[in-house]
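The structure appears right after this line, and notes come after that.
FYI, the numbering just counts along the sequence from 1.
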Amino acid sequence: MSVPRSVALERTVYTLAAPVLAAAPNLAPDSPVNTVVQLAGAAGVGGWVLAYKSDELGTGRKLLRWSPLVLAAAVDVAAKNTVGWGPWCLDALLAAGWAAAGLLVMPFSRHTRRHHRPALAAPVPAPQLQPAPPEPAFSPAQPDDGADPFTRQVRRLWETRGMPGRTIVVKATPHEGTPHDLSLLLRASEAGRAISGLQKDDIAAAFGVDVTDVTIKEVARQYGREGGPGWKEVDVTPDANERRRKAPTTDEWWADRIGAADGPVPGSQFVKKVRDEGRKVTHYIAQVPDEMGEPRVNQHALAAVLKTKYDEGRLFVTVDGSHILVSLWDTSPLAQVFPATRKLLTPDKDGRWVTGYLGNGQPARNRVYTDRGAAHGLFVAPSGGGKTQLMGLHVAADALFGAVVMLATESPDEKTAALGRHTARYGVGPLFMLRLLRALVALMEIRGEMPWEDGEVHEWDATRPGCPYRMLSAYLDEFLSAARDDLYGAEIMDLAEMVSVKGRKYGVGLKVAGQSIYVQDGFTQLLCENLRENCIPVVLKVAPKKVGEMFKTLGIASENTPDPLPRSFSPEEKGRIERIMRGEPEPPSNSNTGGAGWIVEGKHPEVLRTLFMDFKDGIDSYFPDTVATLTDYEIAELKKRDLWFDWTEPPRPGEFGPEPGDEDGDRDAPKKGGGTRGGSKSAARRDAVTTPRQALEAIKNLTGV
């Protein structure tokens, strides 16, 4: 059995002190060592007296502990008063006896015996009832401030658990209706010290709850009470958190699942929830603090929290400054069919009409004119994307506004032919499209010289009375295919650019439809920019890989580029696992995305589903009873320029330059098409013709008028 270190140290002291105790009185009677020993003996006697008078337990042990000092002083006095070392070397024997007593007896009488292992044979004392300990005196954790019993009870617990963070409880408040929830007002135990070591783990351990049930908050200064870093407020809410996990309120659910730091809309605060039973949609309104800037929304994570999939088309998020609107539909509004009606297609006093409906249920509106003149149009969609349907809606809106509508398409189509019956002019092929564009350029000059009712000439304005002509909308379907035509394509692109630049000032709107607006596909940057600035483009059913490039071409910033549309808005049929187990095939998928796409009015493209115009049942009801045409004066002026005739007839002699064999003809003159796209003649013409008047002069020179 090993000897405790304190025992070994005490024995060493006795062993070393014994020779000094015997030699000092004999070798140097006047040495300070003797004085020190005698003073120590006097202190020992004083200790005996105090121990004897004390009422506390352990008096005998205290007398024994002081005895080495008293005995050492007695040995020193005896050695000093004997002759030499005394008879039989008495001084040495006394010192040796003193050391032996210290070695054998004294170490085991120390008050630290509770740290030693008790003897195996020691009898176990019988348990006895002890009187209740008296109420502890007031301490820093238990100030005498008249606190209520609940606060004093919490203070005792707080002191028992070690006063976490070196803090004391100023006030403890139980939460009504819960057996365990409470709030604590804490301050540092030392005045003027900031609370720095208070941890949630320590508080949770003190009350035996989970760390997530503890909240530490700052304390603001109030009248009559200090605040600042020396104070903290703590909420311990195990009951409330248990209820919150099992049956949270909407506000709590939003804060925990959506507005948390790692949630889909971090920092957002729930405002209210609105259910629209008529439209079968639930709206959640939230906001973020102004200092956080524009909300950051992870729509895929948000869809997962709302128990839907992003590509189901049921979830739509609208950000308005610091506010967020989350619309969750029972079924995707993009999967619905919105029938077109004459009322929806009729422009209002501002020239706006309903094109379709946005994903959030709002009507999506386009316009027939703007404050800068006649509106252009840009429709982009692949084959089967609903482009002709969309173009039909615009044709009807222009006709209901009272505009003159002309339609040219590169190739014949059943739906465009049906639309053609409600237009002033309709034709097929690049030649017809070129003749239409030539007439538009001429009309720009003609209208620029037509006086209004006040006798002056003005730029076209739909809100200004006295205009002598109607607005004109020219639709060019499959424009890029016609612009790539070997014979007429170069001039088609040149004239289209010219009309897109200044047509709006003369009430001439150019509506271009095609499958692409890429420069590399032949669509020039100038034409794209002019149309984009004076229209509200509509893009339908773009392939996922082309979405980014498409909207970049339209001038949309990369951070505002939308995600691709899903391949279908119909919910997936459940029971796929059962079908696999039975070996049954999957049901056919319904794409149902025709007419679905984006409308780009501002910097944020909005998802929409266009109205459905039923061509099978006839479209006459969408259009006015009469078809608007050009004025007699305009037609007469076009005839003077040899530009108003049946545009479907073959090329006229000299219409596209001198015929081969003419006396003034040039062997290198371009044939009927005016040269190939991108050739030197086309480039020279684009550089030379910059105004409508120059275009008229060029046409006159070509036609010999």
Go through Arg314 and Ser332 one step at a time and tell me if the side chain to side chain donor-acceptor pair (under 3.5 Å) criterion holds.
-> CA-CA 4 Å; Arg314 295 174 50 210; Ser332 173; over 6 Å; no
Could you please spell out the steps behind the side chain to side chain donor-acceptor pair (under 3.5 Å) verdict for Tyr369 and Asp461?
-> CA-CA 9 Å; Tyr369 68 86; Asp461 187 343; over 6 Å; no
Decide yes or no on side chain to side chain contact (heavy atoms under 4.5 Å, CB included) for Leu378 and Val538, but give the supporting numbers first.
-> CA-CA 7 Å; Leu378 185 59; Val538 178; over 6 Å; no
Go through Gln389 and Thr610 one step at a time and tell me if the side chain to side chain donor-acceptor pair (under 3.5 Å) criterion holds.
-> CA-CA 8 Å; Gln389 280 273 352; Thr610 60; over 6 Å; no
Just do the side chain to side chain contact (heavy atoms under 4.5 Å, CB included) check on Leu611 and Tyr357 with the steps written out, would you?
-> CA-CA 8 Å; Leu611 300 178; Tyr357 287 91; 3.9 Å; yes
Take Asp485 and Ile492 through the test side chain to side chain contact (heavy atoms under 4.5 Å, CB included) and record every step on the way to the result.
-> CA-CA 9 Å; Asp485 183 77; Ile492 287 175; 5.5 Å; no
Run the side chain to side chain contact (heavy atoms under 4.5 Å, CB included) check on Ile324 and Thr318 step by step: do they pass?
-> CA-CA 6 Å; Ile324 310 127; Thr318 304; over 6 Å; no
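Other residues, nucleotides and ligands contribute only 12 or fewer heavy atoms inside 6.0 Å of the CD atom of Glu414. The 12-atom threshold is exceeded at CG of Asp454, counting heavy atoms of other residues, nucleotides or ligands nearer than 6.0 Å. Residue-environment remark: CG (Asp276) exceeds the threshold of 12 foreign heavy atoms within 6.0 Å. Atom CZ of Arg342 has more than 12 heavy atoms from other residues, nucleotides or ligands within 6.0 Å.
Within the structure, every pair that satisfies the ring-ring contact (aromatic ring centres under 6.0 Å, His included) test and touches residues 600-630, not counting sequence neighbours, is listed here: His422-Phe623.
Between Leu345 and Ala340, the closest heavy-atom pair is CD1-CB, 4.4 Å. Looking at every heavy atom in both residues, Ala628 comes nearest to Gly402 through CB-O, 3.8 Å. Heavy atoms only, all atoms of each residue included: Ala442 and Leu638 are closest at CB-CD2, 3.7 Å.
Side chains of Leu540 and Val380 form no contact here, defined as non-hydrogen atoms less than 4.5 Å apart. No side-chain heavy atom of Trp353 sits less than 4.5 Å from a side-chain heavy atom of Thr346. Between Thr409 and Tyr426 the shortest side-chain heavy-atom distance falls below 4.5 Å. Put simply, the side chain of Met444 does not reach to within 4.5 Å of the side chain of Ile446, judged on heavy atoms. At a threshold of 4.5 Å between non-hydrogen side-chain atoms, the residues Thr524 and Met493 count as touching. A heavy-atom distance below 4.5 Å is found between the side chains of Leu315 and Leu306. Between Leu407 and Val395, the closest side-chain pair of non-hydrogen atoms is not below 4.5 Å. The closest side-chain heavy-atom distance from Val274 to Thr282 is not below 4.5 Å.
Rounding to the nearest 0.5 angstrom, the gap separating the OG atom in Ser558 from the NZ atom in Lys552 is 9.0 Å. Rounding to the nearest 0.5 Å places CE of Met406 at 13.0 Å from OH of Tyr475. We find the CZ-CG distance between Arg435 and Leu440 to be 14.5 Å, quoted to the nearest 0.5 Å. Expressed to the nearest 0.5 Å, how far CE of Met498 lies from CG of Asn530 amounts to 12.0 Å. Here the CG atom belonging to Leu393 is positioned 10.5 Å from the CE atom belonging to Met391, to the nearest 0.5 angstrom. Rounding to the nearest 0.5 angstrom, the gap separating the CZ atom in Arg484 from the CD atom in Glu410 is 9.0 Å.
The pair Glu637-Lys639 fails the salt-bridge criterion, with no side-chain N (NZ, NE, NH1 or NH2) lying under 4.0 Å from an Asp/Glu carboxylate O. Salt bridge Arg532/Glu529: absent, no basic N to carboxylate O contact under 4.0 Å. The pair Glu601-Arg365 does not count as a salt bridge, with every side-chain nitrogen at least 4.0 angstrom from each carboxylate oxygen. Ionic pairing of Glu459 and Lys502 is not present here: no N-O contact between side-chain nitrogen and carboxylate oxygen is shorter than 4.0 angstrom. Salt bridge Asp477/Lys511: absent, no basic N to carboxylate O contact under 4.0 Å.
Judged by the 6.0 Å and 45° rule, Arg652 forms a cation-pi pair with Phe645. Figure legend: cation-pi geometry between Arg425 and Trp647, with NZ or CZ positioned under 6.0 Å from the six-membered ring centre and within 45° of its axis.
When atom types are taken as modelled, the side chain of His376 and the backbone of Leu510 share a donor-acceptor pair closer than 3.5 angstrom. Side-chain atoms of Thr308 never come within 3.5 Å of backbone atoms of Ala304 as a donor-acceptor pair (strictly under, hydrogens ignored). A donor-acceptor pair under 3.5 Å is formed between the side chain of Asp348 and the backbone N or O of Gly351.
Less than 6.0 angstrom separates the ring centroid of Phe656 from the ring centroid of Tyr488. Between Phe551 and Trp598, the ring centre distance stays below 6.0 Å.
Glu478 and Ser411 form no side-chain donor-acceptor contact under 3.5 Å, judged by distance and modelled atom types alone.
Note on ring orientation: taking the six-membered ring where Trp is involved, the planes of Tyr469 and Trp452 are perpendicular (angle over 60°, cut-offs 30° and 60°).
A side-chain contact (heavy atoms from CB on, under 4.5 Å) with Glu634 holds for exactly one of Leu443, Leu472, Thr629; it is Leu443.
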